[in-house]
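Since the model is a prediction, treat every value here as computed from it, not as a measurement. Counting convention: from 1, in listed order, for ligands and their atoms alike.
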Amino acid sequence: MPRTYPGNQACKSVGAPAKIPGRRGGNDMARVVLLQPPYLRALGSHNDRYPLELAYYAAHLRNEGHEALLVNADFTGSAAYIEWQRLFRNYRYLVDAMRFGSPLVDETVERVVGLDPDVVVVSAGDSLVPWVDSGNAYWSAMFSGALRKAGLFTVGVGPFFDQVPERFREDFDAILLGLPSAKISEVVRSRAAGCTSTGGFDVTVAPLRNLVDSHQAPDTLITSAGCPHSCTFCLGRDTGLSLLPRAVIERDLSETRSTLVEIGDAIAPSLQRLSDLQPMFSSSGRHFSCEITVRQASPRRLDALRQAGVRVAKMGIESGDDEFLRAAGKKQSRSTILEAVRRLKDRGFHVVAYVLLGGPSSTPAVVAHTYDLCVELGADEYVVNVWSHHDLANRDFRYDAHFSSTLAEEWGVSEYLPRFFNLQGSQKMGLGRIIRYG
Ligand code: SF4
């Protein structure tokens, strides 16, 4: 029987300092490790994408005088990745690791404790790119538990906590809710337990550009944080839209070699701001990939993105069934998807289409409509996801993943997956391409 949980509740802060601050030279400064736990490594792959949310927190903490060390424990440095469909086959290893434990936990705790921190900020996914399946709150809670046993103060961050903060209240000493915020300084300084709502994105320093023990460099540049849209299947829905100041974007563009650009402005209502930003991207002489929604794929907007240097467009087409799209809160239809992709292809964009199978209103007919649409679209690549992380308030979602073979079974879409994988072509859609394109 699935376990049930109380609904989404505000996390009650108990506000009691759990540890006396000031062991670093008698002041309030702390040594902080910001940890992206291994996650895809539990499935036989890895995630070399830069942990952006943690990098902003780390930079802010350093700016405030703390020591901040950024660790991506999912990093291996390999340029090769297993095929996307292999993740579905390996999914059972993640389930086993959740149930019975994993040496990855000990390995990571060893590594973190060896850095001698006072505080460990543990991410579960990334609030700045919440659509990338790079973690899970239950999984991160396992690492937090082991670190607390080692006497460390832990802080949880990531998109899951906004939705069900109370669920994880006992798993971390503190939890930060919302987008990266300067409020982390106060939590680290005071070690006050409980939840802190951060509000909008307000970190003004550039994300930290170096990690411990790896040569990773920031690969994603953002022009905004959050998303104003309300797709029911997405952890990033209804998170508002915080536009970064133009000078900040200019600084980040010149200081990093990032080519993944979350030009949030590409999906924001204002075409004017996108036009304002376009020259600085054009003059960089670089090529980028970015998200674009069907609804915002107007000729003028696509022309502006093209001139900005965007060559790869990532688009959540999700489904070929209008009723399914409506129920999912996706403001697009089969015909508008076809038109948007045609416009992209006419302008020479490389189109990466995100497909969503399963979900509360999925039926065999919905899947068939989606497959037919994919064939008709002729996109360059298809990312095949299973609807996951739904109804978080009432379900145990610890085993949810976009590549969950169990959810595929539950939604009745398993038998159709091979046909969709064939659209990807042999070796075409390894996880690396997702990491590279976002
Ligand atoms: S447009 Fe929809 S799927 Fe994309 S980030 Fe926003 S809420 Fe999520």
Side-chain angles (χ1 to χ4, degrees), residues 49 52-53 124-135 158-163 178-180 200-201 220-244 260-271 273-274 289-298 301-302 305 310 312-322 324-333 336-337 340-341 344 351-362 370 373 379 381-392 397 400-403 434 437-438:
R49 189 164 178 168
L52 197 60
E53 178 178 18
D126 191 318
S127 295
L128 293 175
V129 282
W131 48 88
V132 180
D133 204 343
S134 58
F160 294 93
F161 301 118
D162 292 342
Q163 315 249 352
L179 297 168
F201 180 83
T220 306
L221 173 69
I222 56 172
T223 66
S224 69
C227 179
H229 302 299
S230 308
C231 310
T232 60
F233 54 85
C234 178
L235 285 173
R237 66 181 177 273
D238 299 322
T239 42
L241 190 69
S242 306
L243 299 178
L244 270 63
L260 277 172
V261 182
E262 298 307 341
I263 302 183
D265 301 83
I267 59 169
S270 169
L271 180 60
R273 186 170 130 115
L274 179 59
S289 67
C290 94
E291 299 267 349
I292 176 80
T293 60
V294 168
R295 201 168 164 211
Q296 303 289 1
S298 67
R301 196 175 293 261
L302 296 187
L305 288 172
V310 175
V312 178
K314 304 175 291 174
M315 179 171 273
I317 63 162
E318 319 302 357
S319 174
D321 187 277
D322 287 352
F324 178 96
L325 289 165
R326 193 198 57 71
K330 201 83 191 176
K331 297 196 168 32
Q332 60 198 40
S333 65
T336 57
I337 294 168
V341 172
L344 285 165
V351 181
V352 182
Y354 286 69
V355 178
L356 189 61
L357 298 180
S361 57
S362 178
T370 303
L373 174 67
E381 311 198 28
Y382 295 91
V383 181
V384 182
N385 287 324
V386 167
W387 185 309
S388 67
H389 305 121
H390 60 286
D391 193 15
L392 300 192
F397 57 91
D400 281 13
H402 287 139
F403 32 79
I434 310 294
Y437 293 152

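- Counting the atoms of ligand 1 from 1 in the order shown, those under 4.0 Å from a heavy atom of Cys234 are 3 (S), 5 (S), 7 (S), 8 (Fe).
- Taking a cut-off of under 4.0 Å to the non-hydrogen atoms of Arg237, the atoms of ligand 1 that pass are 7 (S).
- Cys231 lies close to atom 2 (Fe) of ligand 1, since one of its N, O or S atoms is found at a distance under 2.8 Å.
- Residues His389 and Phe160 place their aromatic rings such that the two centres sit under 6.0 Å apart.
- Here the closest heavy-atom approach between residue Val294 and residue Met315 is recorded as CG2-SD, 3.7 Å.
- The nearest N, O or S atom of Cys227 is closer to atom 6 (Fe) of ligand 1 than 2.8 Å.
- Looking only at distances, a side-chain donor or acceptor of Asp162 sits under 3.5 Å from a matching main-chain atom of Gly178.
- Between Leu128 and Phe201, the closest side-chain pair of non-hydrogen atoms falls below 4.5 Å.
- Within the 4.5 Å cutoff, side-chain heavy atoms of Lys331 are placed close to those of Arg295.
- If you look at Lys330 next to ligand 1, the close heavy atoms, those under 4.0 Å, all belong to the side chain.
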